[in-house]
Amino acid sequence: MRVTFPRMGALDLTFNTLFKQLGAEVVPPPPATKATLALGVKHAPEFACLPLKLMLGNFIQAVELGADTIVMCGGCGPCRLGHYAQVQQQILEDLGYRARVVVLEASVCDLLPKIRHLAPHKSWREILRAINIAWVKMNASDGIESLMLKIRPRAVKPRAVTEIYEQGLQLLAAAHTVEEIRTAHRETFAAVKALPLRAEKPLLRIGIVGELFVALEPLVNQEIERRLGELQVEVKRTLYVSEWVRSHLLWSRQARKQRRAVKDAAQPYLGHWVGGHGLESIGRTIQLAQAGFDGVIQVLPFTCMPEIVAKSILPQISKDYGMPVMTLVLDEHAGEAGIMTRIEAFVDLLERRRKQEDVRYERIFGS
Amino acid sequence: MNVYLGADVGSVSTNMALVDGLGNVLETLYMRTQGQPVQTVQEALKNMAGSLPVTAKVEGVGTTGSGRMLASVLVGADAVKNEITAHAVAALHLVPEVHTVLEIGGQDSKIIILRDGIVTDFAMNTVCAAGTGAFLDQQAARLNIPIEEFGEHALQSSTPVRIAGRCAVFAESDMIHKQQTGHSIPDIINGLCEALVRNYLNNVARGKDVGAPIVFQGGVAANTGIRRAFERALGTEVVVPRHHGVMGAIGAALLAREETVRTGRTFFRGFSAGDLRYRPRSFECQGCENLCEVVEINIEGDVAARWGDRCGKWNIDFKEKLKNSCLI
């Protein structure tokens with residue numbers, strides 16, 4: 001059995017570790033490039049969203065490298081992602097590729113037997129150990145990512161932060177035990193913290209909400225986090241896979257509490273779940289406004305249904321809370337120049353707004 | 001006299017504007033880019049040099065538009081800003097109480113909402129360029145009417161004709177169909193203007209708080225037919241400023257003034273930059289799987305600037321380079 005999986009941000013580290021520890025041979029899909037996207041776009045239905053297309057590109061490339069088993073996530077709508085595993089399997093079959101698609105649903109009762117099936121020669125004890133190592137790694141890579149978002153706008157050389165981050169991911173990829181992962185994590189943290197910083201000044205803070213895949217995959221979101229960081233904006237991404245696992249699979253008390261808080265915040269605008277992260281986008285935007293963020297950027301793939309619901313509600317929230325919100329709709333046609341212009345203009349807008357507020361404050365309270 | 005130069009290098013036109021220290025517009029220039037930004041910018045510089053007042057001294061330069069990076073290296077710009085900010089700054093300067101800016105250029109259209117002198121919201125066309133200058137140009141050419149007179153024809157319309165404005169291709173087929181069924185040209189042009197305005201308001205301006213005073217700028221603002229269609233659709237007067245076609249350049253000049261007053265120096269290469277030999281080239285970096293497209297500008301055989309790489313190993317900032325050469 002030669003296992004492959006879809007790529008999404010740095011999630012391949014976790015999947016790689018999980019399946020390797022389970023004793024399977026892993027054929028990781030090559031890093032997503034424009035060629036991957038072109039491959040997916042060519043064979044996918046035109047109005048399917050970008051995640052389907054890019055993942056399909058991943059699968060075709062991996063199968064050509066010898067993978068015979070594809071592990072894909074499931075779901076139960078209204079977000080169409082839940083149906084993509086079947087669609088992709090059909091497309092692969094039509095193209096003449098032979099690969100088995102294993103669909104993992106978002107419940108422990110479904111996950112464990114399927115993982116067990118992928119690792120026929122391992123004991124339950126070994127399986128749980130593998131899951132634990134993968135889980136530690138996922139947390140480590142998410143931890144490094146969120147630290148990077150904090151340090152990048154403050155560093156004298158923002159690009160050095162990106163470099164250390166990439167080295168950190170390589171260290172993590174090479175780590176095979178919990179101890180090694182912790183060491184890699186510690187070393188990367190130390191390297192980031194040792195970077196020279198600019199003189200402390202209040203930075204603009206922008207929150208990112210929206211669809212998970214687009215928010216996480218830099219190829220698709222045109223590296224929005226790096227670009228904002230280099231414009232000296234502190235970015236808070238509200239979406240992390242480890243958070244999702246905590247609230248949906250592990251049922252952690254804290255994560256569930258947070259989830260309920262997001263839902264409560266969204267209540268005046270949207271009273272029920274609309275699939276994907278639609279409800280979360282609403283709730284999180286309100287929480288970010290309440291926390292004094294300067295602005296929020298919503299990212300979504302073209303034709304994403306849950307986020308379109310959120311998109312139509314966000315202008316009202318923006319008005320009620322006096323916080324600018326910008327929506328970026330991304331697909332394979334999104335041009336770099338257009339995205340960059342919008343990001344720059346949004347940052348200008350927030351900067352000038354803050355300056356004006358400072359002037360007003362001085363007028364009322366003195367400097 | 002201190003003056004500031006602004007350059008807006010867009011897909012269709014390259015505009016320049018000269019502004020004095022108080023923000024008065026002294027000179028403007030509108031040229032077609034015709035796919036050759038380097039030559040056009042140089043040509044425009046030479047033209048501007050010719051119309052420069054004798055006592056004027058350029059104290060700062062700003063660039064904007066999709067070619068702003070390239071232009072900034074060519075002229076030695078102090079301020080490099082996106083076109084939304086530049087247009088907003090120019091509109092605010094000429095109409096201080098402005099609430100809404102409608103801007104339709106060669107290939108893009110934007111809406112900018114301002115309150116109390118700052119931008120609070122904006123949008124650009126995303127998936128479709130129907131209704132921008134390029135399409136109007138094409139239709140004017142097809143109907144054999146000079147683009148300058150296109151809008152005037154719409155004003156002579158007596159009967160409304162409904163044209164499908166959702167897509168440029170379908171709009172064209174619909175216009176041909178209406179011609180073949182015998183509608184008059186002014187009625188069809190008027191129908192087209194209304195369709196484009198409908199399309200703009202439904203796409204770009206969707207969900208935006210469009211309020212008066214409204215300023216309409218960009219090349220298409222010269223088209224009186226479109227302006228009237230906006231006025232009918234919005235039920236209020238739409239102001240077209242005198243320099244509507246070069247507002248981006250004026251904004252860039254004003255931003256340059258802001259920047260150089262702060263830094264106290266300019267990187268302007270002088271109008272002689274119009275005669276320098278520029279050689280732009282690009283290459284794909286093979287250093288990693290990102291395969292970044294790196295752009296390099298040579299001036300008189302010397303590398304002046306490089307950008308486009310993610311990691312920064314090729315990056316050369318022309319300002320840093322000029323600073324260092326000044327030290328020597």
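Letters A, B, ... are given to chains in the order of the sequence lines, protein chains preceding strands, and every chain is numbered from 1.
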Nearest-0.5 Å distance, CD1 of residue B/Ile112 to CG of residue A/Leu349: 10.0 Å

I'd like to know whether A/Lys34 forms a salt bridge (charged side-chain N to carboxylate O under 4.0 Å, His left out) with B/Glu293, so could you lay out the CA-CA distance, the side-chain angles of the two residues, the decisive distance to 0.1 Å, and finally the verdict. CA-CA 13 Å; A/Lys34 300 248 156 79; B/Glu293 271 173 39; over 6 Å; no

Which answer fits A/Gln316, side chain, backbone, both or neither, if we ask what part of it has an atom under 4.5 Å from a heavy atom of chain B? neither

State the CZ-CZ distance between A/Arg353 and B/Arg115, to the nearest 0.5 angstrom. 12.5 Å

OG1/B/Thr120 to NZ/A/Lys319 distance, rounded to the nearest 0.5 angstrom? 10.5 Å

Could you tell me which of A/Glu163, A/Lys157, A/Arg226 has the largest number of non-hydrogen atom pairs under 4.5 Å with chain B? A/Arg226

Tell me, for A/Arg159 versus chain B, whether the close heavy atoms (under 4.5 Å) come from the side chain, the backbone, both or neither. side chain

Tell me the closest heavy-atom pair linking A/Asp348 and B/Thr85, and the distance in Å. OD2-OG1, 2.6 Å

What are the two closest non-hydrogen atoms of A/Arg342 and B/Phe122, and how far apart are they? O-CZ, 3.5 Å

Would you say CD of A/Glu46 has more than 12 non-hydrogen atoms from neighbouring residues, nucleotides or ligands within 6.0 angstrom? no

Less than 4.0 Å between a side-chain N and a carboxylate O, is that true for B/Lys81 and A/Glu351? no

Mind checking the CE-CG spacing from A/Met326 to B/Asp121? Nearest 0.5 Å is all I need. 10.0 Å

Side chain proximity check, B/Val80 to A/Glu344, heavy atoms < 4.5 angstrom: no

Between B/Asn82 and A/Thr341, is any side-chain donor less than 3.5 angstrom from a side-chain acceptor? no

